[in-house]
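Input: a single structure, listed below in structure tokens.
Counting starts at 1 for both ligands and their atoms, in listed order.
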Amino acid sequence: MKLNSILNKNIKQKKILLRVDFNVPLKNNKITDDTKIKESLPTIKYLLNNQNSLIITSHLGRPKNKNDKQLSLKPIAKKLQKLLKKKVIFLNSELNQNTINRLQNIKSGEIYLLENIRFNNGEEKNNITLSKKLASTADIFVNDAFASSHRKHSSVYGVVKYLPSYAGLLLQKEFDQLNKFIGKIKEPVTFIIGGSKIDTKINLIESFVKRTNNFLIGGGLANTFLASKKYQLANSFYQKNKIKVAEKIISLIHQNRKNIYLPEDFVIAKKLSDFTLTKNTNTKNIPNNYSIYDIGTKSTKEFCQIIKKSKTIIFNGPVGVTEFKPFRNGTKKILLAMKKATKSGATTLIGGGDTLEALKLCKISPKGFTHISTGGGAMLEFLEKNGKIPGIEVLVKK
Ligand code: 3PG
């Protein structure tokens, strides 16, 4: 499977609609990790160097309505302008006739960044009218949003039907690296899964259970599994209504004769802050007023031992609340163990916005892993479906 890449076509002096994934973490309107923006700069610069003009579009978060100011791309427009040292014109994404006229008259070298494309009702429904409107603004469509390419949305998928379409440099890089990864899966395979909600991980575990030897579970996700084993979790986050799901996953893993490891000790605290007092505990009964915020030292050691013995390791979702200093240890040690494993010949892959941010918070250099993907869900679906995800399939060379 080969992609139609921007490098295979002499794209010069064109109006380009460029879909990127600028879905970066923000705190008080400030970007806390700009990796995804920086990763798309090579494509942006390449297209600008060839005298093209750019209409850039992205989503941010999962807005419930178009007035969700917390999810505006305005701070990202500023950041992009700073990184490019070029003016970036920020424009609403409503695509009424005025906006379309303005975009159709874009001048060579100009850069527009549209407001959060998910403020538009049709985006997630892959609405034909929206896809056509987007297409009407440009001569060519370029998808560099690997992290969104598992979505059948208008600005990723629908628009391809109406414009000559190509893969950007980041999309191509992810495609090449992940395909290499798929070709190299050697046992034992260890999958470290963190994050908070079990719902988003069920399909993942189901589809990887045949190919994975060890599942190491951390984060809020682990609490739901622990609750199913009758742990008393005090104030810890867990999903009461998903305990049956946790039980189902545990028996699925056992039926397939694979291993699931849950943390057996924990870092607990009364509140989430950088200066809170913490305890390491291994009790089944978390004291009142306390919550679990990270895996404990014994569990961290056990997880790292398993990583050491593995030949393929995938990490998606931090195992603690890494936004706060006292709860980074588990994630940090896992990342360091993965680097060591890479040195000893294992293939290692990390991915997902939260994991990228955790890497930065734990002050770990991105060098020394086999691949760091900008995609979370996209990376996992890519692995699961051997690359056949919607936004990529439509860019395959016929
Ligand atoms: C991600 O962060 O994984 C991508 O930006 C996709 O976001 P989504 O899961 O809201 O579609």
Hydrogens and angles aside, do Thr374 and Glu174 bring a side-chain donor and acceptor to less than 3.5 Å of each other? yes
Should His153 be counted as touching ligand 1, given the test is an N or O pair under 3.5 Å? no
Does any N/O atom on Ser148 come nearer than 3.5 Å to any N/O atom on ligand 1? no
Please determine whether any non-hydrogen atom of Glu124 lies less than 4.0 Å from an atom of ligand 1. no
State plainly whether one hydrophobic cluster holds both Leu226 and Ile268, where clusters connect Ile, Leu, Val, Met, Phe, Trp and Tyr through side-chain heavy atoms under 4.5 angstrom apart. yes
Which of the atoms in ligand 1, numbered in the order shown and given with their element, are less than 4.0 Å from a heavy-atom of Asp21? 4 (C), 5 (O)
Which ligand 1 atoms are under 4.0 Å away from a heavy-atom of Arg62? 8 (P), 9 (O), 10 (O)
Do Phe90 and Ile44 belong to the same hydrophobic cluster, where Ile, Leu, Val, Met, Phe, Trp and Tyr are linked whenever their side-chain heavy atoms lie under 4.5 Å apart, directly or via other members? yes
Under 4.5 Å between side-chain heavy atoms, counting indirect links through other Ile/Leu/Val/Met/Phe/Trp/Tyr residues: same cluster for Ile205 and Ile202 or not? yes
Under 3.5 Å between any N/O of Lys36 and any N/O of ligand 1: does that happen in this structure? yes
Is there a path of hydrophobic side-chain contacts, each under 4.5 Å between heavy atoms of I/L/V/M/F/W/Y residues, joining Leu169 to Ile37? yes
Looking at ligand 1, would Ala147 count as a contact under a 4.0 Å heavy-atom criterion? yes
Which of the numbered atoms in ligand 1 are under 4.0 angstrom from any heavy atom belonging to Arg151? 8 (P), 9 (O), 11 (O)
Shortest non-hydrogen contact from Phe141 toward Val156: CE2-O, 3.9 Å
Could you go step by step and tell me if Lys360 and Asp33 meet the salt bridge (charged side-chain N to carboxylate O under 4.0 Å, His left out) rule? CA-CA 7 Å; Lys360 205 165 222 175; Asp33 177 35; 3.3 Å; yes
Which of the atoms in ligand 1, numbered in the order shown and given with their element, are less than 4.0 Å from a heavy-atom of Arg118? 8 (P), 10 (O), 11 (O)
Can you tell me the protein heavy atom closest to atom 7 (O) of ligand 1 and the distance? His59 NE2, 3.3 Å
Only heavy atoms of Asn23, strictly under 4.0 Å: list the atoms of ligand 1 that pass. 1 (C), 2 (O), 4 (C), 5 (O), 7 (O)
Taking Ile106 as the starting point, is it possible to reach Leu80 by hopping between hydrophobic residues whose side chains are less than 4.5 Å apart? no
